[in-house]
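No experiment lies behind these values; they were computed from the predicted model shown. What you see below is based on every heavy atom in this structure, not just the backbone, and it leaves out hydrogens, waters and symmetry mates.
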Amino acid sequence: MGRKGPRVDAYIAASAEFARPILLHLRRLVHRACPDVQETIKWGFPHFEYHGVLCSMAAFKKHCAFGFWKASAIRDAAGILRETGSEGMGHLGRITSKDELPSDNVLMGYIKEAAALNEHGVIVKRSARGAKKPLGVPRDRAAALKNTPKARQTFEQFSPSHRREYIDWIVEAKKPETRERRVATTIAWLSAGKRRNWKYER
């Protein structure tokens with residue numbers, strides 16, 4: 001049988017008032033769709049495990065997020081899955097009320113499919129973009145790091161995956177002004193010792 005965790009209870013209780021009904025509803029649907037699921041806290045927010053990580057949810061100041069660990073392998077028949085990062089860290093975009101969620105039957109269908117993927121040992125790449133490119137620092141970012149020792153030190157101490165999060169964020173900027181703004185933000189956050197997704201950490 002599945003098991004609910006007291007740390008997830010505490011997480012929900014400590015979340016903003018608007019977020020609690022959303023989190024409780026998502027939690028209930030996960031347990032209905034996968035009765036043997038187990039709860040835990042990873043990286044500061046609730047995760048659900050069944051033969052490995054199944055999905056996760058999180059609450060922020062003005063929205064909630066829900067994501068699947070193997071989203072790229074799920075058949076998105078209802079067209080509800082969004083790319084992580086485009087509208088928040090989850091695959092359902094920024095959720096501000098229960099009314100914004102897909103129907104219970106649709107969402108439970110996705111959860112059941114995710115559970116089946118884990119049960120059958122399906123392995124997916126962590127990035128939907130394919131093979132990782134060499135970890136090269138953009139010139140403008142390199143120049144900014146050179147002139148900011150504290151930011152450079154933080155960047156060098158980060159793991160390759162955390163460095164890549166910053167690099168990809170800058171490289172993906174479509175407009176020069178956006179890129180310039182992201183470089184400045186990156187330096188400020190690194191100088192403060194923050195990772196790219198620090199806002200999503202609790």
Side-chain angles (χ1 to χ4, degrees), residues 1-119 122 124 126-128 162 165 168-169 172 185 189 194-202:
M1 287 293 295
R3 184 180 67 223
K4 292 186 176 181
R7 291 196 297 163
V8 175
D9 290 332
Y11 181 97
I12 295 174
S15 298
E17 185 175 354
F18 84 91
R20 292 172 205 150
I22 300 172
L23 298 178
L24 287 170
H25 187 68
L26 288 169
R27 186 190 202 185
R28 185 161 49 249
L29 291 183
V30 172
H31 280 273
R32 283 177 59 189
C34 184
D36 292 326
V37 76
Q38 305 289 319
E39 296 182 351
T40 187
I41 295 288
K42 291 178 179 287
W43 304 293
F45 53 96
H47 281 67
F48 301 92
E49 297 183 332
Y50 175 72
H51 295 281
V53 179
L54 180 67
C55 54
S56 64
M57 64 182 188
F60 306 105
K61 290 183 179 180
K62 296 183 179 180
H63 74 280
C64 293
F66 182 82
F68 293 97
W69 192 248
K70 297 179 179 177
S72 62
I74 294 176
R75 294 168 296 174
D76 190 14
I80 66 172
L81 299 183
R82 305 176 188 181
E83 184 179 351
T84 303
S86 60
E87 297 181 47
M89 67 175 282
H91 294 105
L92 301 182
R94 293 173 179 265
I95 308 165
T96 59
S97 75
K98 283 173 53 180
D99 295 337
E100 297 174 359
L101 292 169
S103 70
D104 290 0
N105 287 337
V106 167
L107 194 48
M108 284 196 298
Y110 279 61
I111 295 168
K112 289 178 181 178
E113 184 174 351
L117 291 173
N118 279 9
E119 190 171 348
V122 175
V124 300
R126 290 268 52 84
S127 172
H162 288 143
E165 288 174 352
D168 287 348
W169 188 49
E172 290 168 358
T185 300
W189 286 353
K194 296 178 179 179
R195 293 186 287 194
R196 161 74 179 89
N197 292 313
W198 65 271
K199 290 183 180 180
Y200 300 142
E201 300 171 356
R202 290 177 65 103

Are C64 and F18 packed together at the side-chain level, in the sense that at least one heavy-atom pair is separated by less than 4.5 angstrom?
yes
Tightest non-hydrogen contact, residues I22 and S97, listed as CD1-N, 3.5 Å
Residues at least two apart in sequence or cross-chain that pass salt bridge (Lys or Arg N to Asp or Glu O under 4.0 Å) with D9, listed by chain then number, are R27
Output for pair (L23 CG, S15 OG), nearest 0.5 Å, gives 5.0 Å
Note: V30 and C55 closest approach over all heavy atoms is CG2-SG, 3.9 Å
Just so I know, are the side chains of V8 and M57 near enough to count as touching, which here means a heavy-atom distance under 4.5 Å? yes
Answer yes or no: is there a side-chain heavy-atom contact under 4.5 Å between E39 and H31? yes
Worksheet entry | Non-hydrogen side-chain atoms of L81 and F68 separated by less than 4.5 Å | yes
Rounding to 0.5 Å, atoms CD1 (I80) and CG (L92) come to a distance of 5.5 Å
request  = Could you check if a side-chain atom of F66 sits within less than 4.5 angstrom of a side-chain atom of L107, using non-hydrogen atoms only?
outcome  = yes
Would you call E165 and R195 a salt bridge, taking side-chain N to carboxylate O under 4.0 Å as the test? no
Rounding to 0.5 Å, atoms OG (S103) and CE (M108) come to a distance of 8.5 Å
Taking the side chain as every heavy atom from C-beta outward, state whether T40 and R7 have any pair of such atoms under 4.5 Å apart. yes
Can you tell if the side chain of K70 reaches within under 4.5 Å of the side chain of N118, non-hydrogen atoms only? yes
Legend entry - Note, K98 side chain near H25 side chain (heavy atom, < 4.5 Å): yes
Listing, residues 46-54 side-chain donor-acceptor contacts under 3.5 Å, not counting sequence neighbours, or none:
{"unit_1": "H47", "atom_1": "ND1", "unit_2": "F45", "atom_2": "O", "d": "3.1"}
{"unit_1": "E49", "atom_1": "OE2", "unit_2": "K42", "atom_2": "NZ", "d": "3.3"}
{"unit_1": "Y50", "atom_1": "OH", "unit_2": "E119", "atom_2": "OE1", "d": "3.1"}

**Prompt:** Just by distance, do the side chain of E100 and the backbone of T96 share a donor-acceptor pair under 3.5 Å?
**Reply:** yes
So the salt bridge (Lys or Arg N to Asp or Glu O under 4.0 Å) pairs with at least one residue in residues 10-24 (sequence neighbours excluded) are none
d(L26 CG, D104 CG) to nearest 0.5 Å is 9.5 Å
Any side-chain to backbone donor/acceptor pair from Y11 onto I41? Under 3.5 Å, distance only.
no
